[in-house]
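Here the structure comes first, spelled out in structure tokens, and everything after it is commentary.
In what follows, residues are counted from 1 in the order of the sequence shown. Please read these numbers as outputs of a predicted model, since none were measured by experiment. Values below: all heavy atoms of this structure, side chains included; hydrogens, waters and symmetry mates excluded.
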Amino acid sequence: MSTWQKYAEFVTSRGNIEHCIVISSDDGAEWGLSTPDFYLREYKTMIMQEDGTEKEETVNEAANVLKYMKGQTSSQGLRLNGERKHQITRNYVDEETGLQVTITKIPFGGACFANAGRCILIGTFNEKLQHTSPECNETIIKLAGYLKKSVWPEGLFEGDAVGGGGDAVGGGGGGGEGSWTDHVQKVLVGSKNIAEAMIVRVETLEVLAAHPAGFALQSYEADIPQEDGTDRRETVDEAKNLKTLLTQKVKPSQGFRLSQTKYQVIRQFEDEVSTCYTVYGKKAMGGCVAVLAGPVVVVASFDEKQGHAGPGCNEAVAQLSKYFKEQLR
């Protein structure tokens with residue numbers, strides 16, 4: 001399975017997209033599909049002409065997508081998977097990301113197309129599955145924005161460009177800080193069920209990205225309850241304790257703490273979605289999740305006072321952790 005196929009599947013796993021297609025922005029070559037039988041096709045069909053007559057023409061769906069992603073139009077319109085023609089509702093440059101975006105509609109569904117630089121990201125939604133156009137558009141535009149800003153390994157612009165092995169997902173080394181930050185801010189915090197999030201490298205305990213800036217693994221003095229009921233002043237090393245909790249599967253005697261907030265560990269398990277070792281924590285009106293995703297740890301907290309839901313937080317972290325575990329090998 002190619003890295004781009006895994007990425008397309010990751011996009012649909014967010015819950016508001018039915019199908020995802022990734023193609024090259026140079027020639028329309030197919031890079032990844034979330035569903036094998038849903039793709040851009042080439043075929044002959046009758047096309048309405050300006051004078052009202054119809055003429056048989058060869059429709060190349062990928063070529064037409066490229067035109068719209070360059071700000072142009074096509075007399076054949078936009079079609080996906082050999083199905084009916086989509087109505088173009090918007091074809092514009094997004095002010096926030098600078099991406100060329102096209103939004104379309106068909107009965108009970110539609111699609112969003114976004115030019116992510118070297119590739120084009122396409123997502124469809126199905127109202128019968130309770131999908132909505134705004135949620136589909138937001139996901140595609142955010143993820144396309146992330147891809148456009150990511151550091152891509154040279155020579156890997158096809159097939160395995162997203163992962164490319166090693167630390168390519170995060171851009172690796174010194175060049176990937178922006179990419180890690182995008183994962184935190186757009187994929188995690190952008191899910192709208194997360195208040196704080198961070199990604200930590202397991203081996204060095206280096207925080208690769210965090211949001212907000214004050215959310216960190218800290219070291220400090222605190223009174224720690226002892227087995228005999230007394231308290232003792234100890235140095236708390238949150239990073240070391242987090243590593244112990246996830247790699248050794250042992251609750252630290254100092255408890256589970258993030259940014260000087262203590263959480264009660266309520267569950268430790270191998271998650272079926274991410275296939276990663278996962279820990280759930282709870283505090284008053286909130287909670288957290290920490291996941292060991294291969295060489296990195298993904299951590300996030302939710303705040304019920306802000307309308308966050310624990311399951312939504314857990315799901316967002318599980319899906320990103322699954323993606324990291326598959327790519328960062």
Side-chain angles (χ1 to χ4, degrees), residues 170 177 180-181 183-185 187-271 274 276-318 320-321 324-325:
E177 180 180 349
W180 290 116
T181 299
H183 278 303
V184 166
Q185 295 183 345
V187 179
L188 294 178
V189 179
S191 71
K192 300 180 181 179
N193 275 306
I194 292 175
E196 304 163 311
M198 72 172 75
I199 300 171
V200 182
R201 193 183 300 279
V202 176
E203 183 178 356
T204 62
L205 297 177
E206 171 193 4
V207 175
L208 300 171
H211 178 89
F215 187 55
L217 298 176
Q218 302 179 19
S219 180
Y220 50 91
E221 298 292 319
D223 292 326
I224 305 298
Q226 305 299 305
E227 291 184 0
D228 62 5
T230 62
D231 288 343
R232 185 176 70 184
R233 197 73 173 172
E234 295 182 7
T235 299
V236 175
D237 186 333
E238 293 182 342
K240 181 179 178 181
N241 289 342
L242 178 63
K243 185 175 182 178
T244 298
L245 178 62
L246 291 172
T247 61
Q248 299 181 27
K249 304 179 181 180
V250 175
K251 295 179 184 178
S253 60
Q254 296 176 340
F256 180 22
R257 300 167 186 256
L258 300 171
S259 209
Q260 297 195 37
T261 297
K262 186 175 181 180
Y263 293 85
Q264 176 189 359
V265 175
I266 58 174
R267 192 179 178 194
Q268 297 172 261
F269 65 106
E270 297 285 343
D271 182 61
S274 66
C276 299
Y277 187 70
T278 301
V279 175
Y280 289 166
K282 192 74 177 72
K283 67 172 186 176
M285 299 299 293
C288 70
V289 56
V291 179
L292 179 61
V296 299
V297 173
V298 182
V299 181
S301 72
F302 64 93
D303 185 348
E304 294 172 358
K305 295 178 182 178
Q306 297 182 37
H308 301 157
C313 171
N314 299 339
E315 176 67 15
V317 173
L320 183 59
S321 297
F324 281 160
K325 185 177 180 181

task: Establish, yes or no, whether a centroid distance under 6.0 Å links the rings of Tyr263 and Tyr280.
output: no

- line: Rounded to the nearest 0.5 Å, the CG atom of Asp237 sits from the CD atom of Gln254 at a distance of 8.0 Å

- line: For Lys283 and Thr261 the tightest heavy-atom approach is CD-CG2, 3.8 Å

task: Dump the intermediate steps for side-chain hydrogen bond (donor to acceptor under 3.5 Å, both in side chains) on Asn193 and Ser191, then the final yes or no.
output: CA-CA 6 Å; Asn193 275 306; Ser191 71; 5.2 Å; no

Heavy-atom neighbours of Lys240 NZ exceed 12 at 6.0 Å: no

message: With rounding to the nearest 0.5 angstrom, report the CD1 to CD distance, Ile194 to Glu196.
response: 10.5 Å

task: Provide the closest heavy-atom pair for Ala290 versus Phe256 in the form atom of the first, atom of the second, distance.
output: CB-CZ, 4.1 Å

Leu208 side chain reached by His183 side chain, heavy atoms, under 4.5 Å: no

Pairwise side-chain contact, Cys288 with Leu258, heavy-atom cut-off 4.5 Å (strictly under): yes

message: For a 4.5 angstrom cut-off between non-hydrogen side-chain atoms, does Ile224 reach Arg232?
response: no

message: Strictly distance-based, threshold 3.5 Å: is any side-chain N or O of Lys251 a donor or acceptor partner for the main-chain N or O of Gly255?
response: no

field: Where at least one partner belongs to residues 305-314, residue pairs that pass salt bridge (charged side-chain N to carboxylate O under 4.0 Å, His left out), sequence neighbours excluded
entry: none

message: Restricting to non-hydrogen atoms, name the atom on Leu292 and the atom on Val297 that form the minimum distance, rounded to 0.1 Å.
response: CD1-CG2, 4.0 Å

- prompt: Mind checking whether Pro295 and Arg201 have side chains closer than 4.5 Å, heavy atoms only?
  reply: no

task: Mind checking side-chain hydrogen bond (donor to acceptor under 3.5 Å, both in side chains) for Asp271 and listing every partner two or more places apart, or none if nothing turns up?
output: Ser274

query: Are any non-hydrogen side-chain atoms of Leu205 and Leu242 less than 4.5 angstrom apart?
result: no

task: Over all heavy atoms of both residues, which pair between Val189 and Ala197 is shortest? Give the atoms and the distance, please.
output: CG2-CB, 4.3 Å

- prompt: Is there side-chain contact between Leu217 and Val299, with heavy atoms separated by less than 4.5 Å?
  reply: no

- request: Over all heavy atoms of both residues, which pair between Asp303 and Met285 is shortest? Give the atoms and the distance, please.
  value: OD1-O, 3.5 Å

- prompt: Taking Glu238 for the side chain and Ser259 for the main chain, is one N or O donor matched with an acceptor at less than 3.5 Å?
  reply: yes

- line: Which of Val250, Leu246, Leu245 passes side chain to side chain contact (heavy atoms under 4.5 Å, CB included) with Gln268? It is Leu245

task: Please examine the side chains of Ile199 and Phe324, heavy atoms only from C-beta on, and report whether any two atoms are closer than 4.5 Å.
output: yes

Return a table of donor-acceptor pairs under 3.5 angstrom between the side chains of residues 309-316 and protein atoms on other chains or two or more places apart.
residue: Asn314; atom: ND2; partner: Gly310; partner atom: O; Å: 3.2
residue: Glu315; atom: OE2; partner: Gln319; partner atom: NE2; Å: 2.7

message: If you compare all heavy atoms of Gln306 against all heavy atoms of Ala195, which two are closest, and at what distance to 0.1 Å?
response: NE2-CB, 4.1 Å

- prompt: Between Ser321 and Val317, is there a donor-acceptor pair closer than 3.5 Å when you use the side chain of the first and the backbone of the second?
  reply: yes

